[in-house]
Amino acid sequence: MAFRTLDDADVKGRRALVRVDFNVPMHEGRVSDDTRLRAALPTINDLRGRGAKVILLSHFGRPKGERVADMSLAPVVPVLADLLGAPVGFAADCVGEVAQEAVAAMAPGDVLLLENTRFHKGEQKNDPALGRALADLGDLFVLDAFSSAHRAHASTVGIAKFLPAFAGRAMQRELDYLEKALGQPKHPVLAVVGGAKVSSKIDLLQNLVAKVDMLCIGGGMANTFLHALGKPVGASLCEKDLADTARVIMTSAVRNDCEILLPIDVVVATEFAANAPHRSVGLDDVGEKDMILDAGPQSVVALNAAMDRAKTVIWNGPLGAFELPPFDAATKAAARHCADLTRAGKLVSVAGGGDTVSALNQAGAADGFTFISTAGGAFLEWMEGKALPGVEALKSD
Ligand code: AMP
């Protein structure tokens, strides 16, 4: 996948409009987790170092086109200034006179944050008038928010219609690793997909069976597959109406030479609660009142052996109800094995989407993975094989 990066951009003395994702967790008006601010530092420092004027744009929360005081980006300013070790200006609107005057006053190397783009109704509608007004503030556009790249909004793709567009450093890193995991991966590729429901991941499973060599299905969604194969699932979370869909996915896997790994044993309890009395059972021994809450130890052995054969692992979703110990055991054990193999240089591992990051963090395995995507929806859409509008806008001809 060829896309334009900051290496292709002439930035000296120019106004760089940078779309970041500063939709950070806040508590009582203060930034409570600065991970997303840190993620933007390489791009900001690169541009400043090369003499650009850096104008930052982001959405924050869901103000739905209205000015909502507690959804202002102003609290980000002091935290970002601290991280950068340099002053950061702020304009109380992302377009109009306030923004124009603040930009006009900038010198090369300065950093300015504009107010929440979602204070304007045109943002989520990708109104060309807003795209144009934003673009008027800059000479070039840098998209550094992969997590917003699945949304065709004025500040993600609208501006790119009017200005030359480049991937920022975080975006570039994300696209490079995603390409390594699914675009041009080293085979065999093993995908591990867990989570609650099949219904939210049908497109994803269908895309994966056509691309990967092995697909491990875990979590609540595995129950639907077990049910489709005629196994008892008792009182488990199970979308029985999707049994046909599960069968279509399994048939498609056979056609595409993709090996499906389902649990071969499971951990059951009669209560959905932490430390509920539980037992490991074979697939035919799930009782009527039992809930399958995790994959069993034999399943983990089989998954770990599949990882031993793989050169690439791509992971989304937990293998069990990981918030409730001990039903986090399979996710933890498998994630640690994946991290160990990665550290030993035996495979490339990429994970992302929704609960995956917290599950891997909880397992103490996240820092062993090659790359963890911070994006939720965008990561899933990419795993579904969809073209992301933000990425399309950066493709070189
Ligand atoms: P998702 O958002 O689809 O990735 O699903 C994550 C959620 O699935 C987590 O909250 C898990 O607790 C839940 N989950 C995983 N396995 C099971 C299971 N066997 N039964 C019920 N919930 C599960």
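Residue indices begin at 1 and follow the sequence shown. Just follow the structure's listing: the first ligand is 1, and inside any ligand the first atom is 1. Here the structure is a predicted model, which is why all the values come from computation and not from measurement.
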**Prompt:** Mind checking whether G195 has an N or O less than 3.5 Å away from an N or O of ligand 1?
**Reply:** no
**Asked** Which ligand 1 atoms does L237 reach within 4.0 Å, using its non-hydrogen atoms?
**Response** 21 (C), 22 (N)
**Pairs involving residues 225-238, ordered by first then second residue, that meet side-chain hydrogen bond (donor to acceptor under 3.5 Å, both in side chains) (sequence neighbours left out)** = K231-D284
**Request:** Would you kindly say whether S349 and T342 are connected by a side-chain donor-acceptor distance under 3.5 Å?
**Result:** yes
**Message:** I want to check something: taking the side chain as every heavy atom from C-beta on, are M106 and I55 in contact at a cut-off of under 4.5 Å?
**Reply:** yes
**Request:** Looking only at protein heavy atoms, identify the closest one to atom 8 (O) of ligand 1 and say how far it is in Å.
**Result:** A196 N, 3.2 Å
**Request:** For atom 6 (C) of ligand 1, grab the closest protein heavy atom and report residue, atom and distance to one decimal in Å.
**Result:** D355 OD2, 3.3 Å
**Request:** Compare G220, G353, G376 and give the one whose heavy atom is closest to atom 16 (N) of ligand 1.
**Result:** G220
**Item:** Numbered atoms of ligand 1 (with element) below 4.0 Å of F272, judged on heavy atoms
**Value:** 21 (C)
**Request:** Out of P318, G320, G194, indicate the one that has the non-hydrogen atom closest to atom 15 (C) of ligand 1.
**Result:** G320
**Item:** Pair D203 + K386, salt bridge at N-O below 4.0 Å
**Value:** yes
**Request:** Could you tell me whether the side chain of D328 reaches within less than 4.5 Å of the side chain of Q362, counting heavy atoms only?
**Result:** yes
**Fill in**
Atoms of ligand 1 under 4.0 Å from any heavy atom of I292, numbered from 1 in the order shown, are 18 (C), 19 (N), 20 (N)
**Message:** Taking 4.0 angstrom as the limit and counting only heavy atoms of K201, give me the atoms of ligand 1 inside it, by number and element.
**Reply:** 3 (O), 4 (O)
**Request:** From the options F379, F371, W382, select the one residue that forms a ring pair (Phe, Tyr, Trp, His ring centres under 6.0 Å) with Y177.
**Result:** F371
**Item:** Nearest non-hydrogen protein atom, atom 11 (C) of ligand 1
**Value:** E323 OE1, 3.5 Å
**Request:** Share the residues that join L303 in a hydrophobic cluster, the rule being Ile, Leu, Val, Met, Phe, Trp or Tyr side chains under 4.5 Å apart at the heavy-atom level.
**Result:** L190, V192, M214, L261, M307, V313, W315, L319, L341, L347, V357, L360, F369, I372
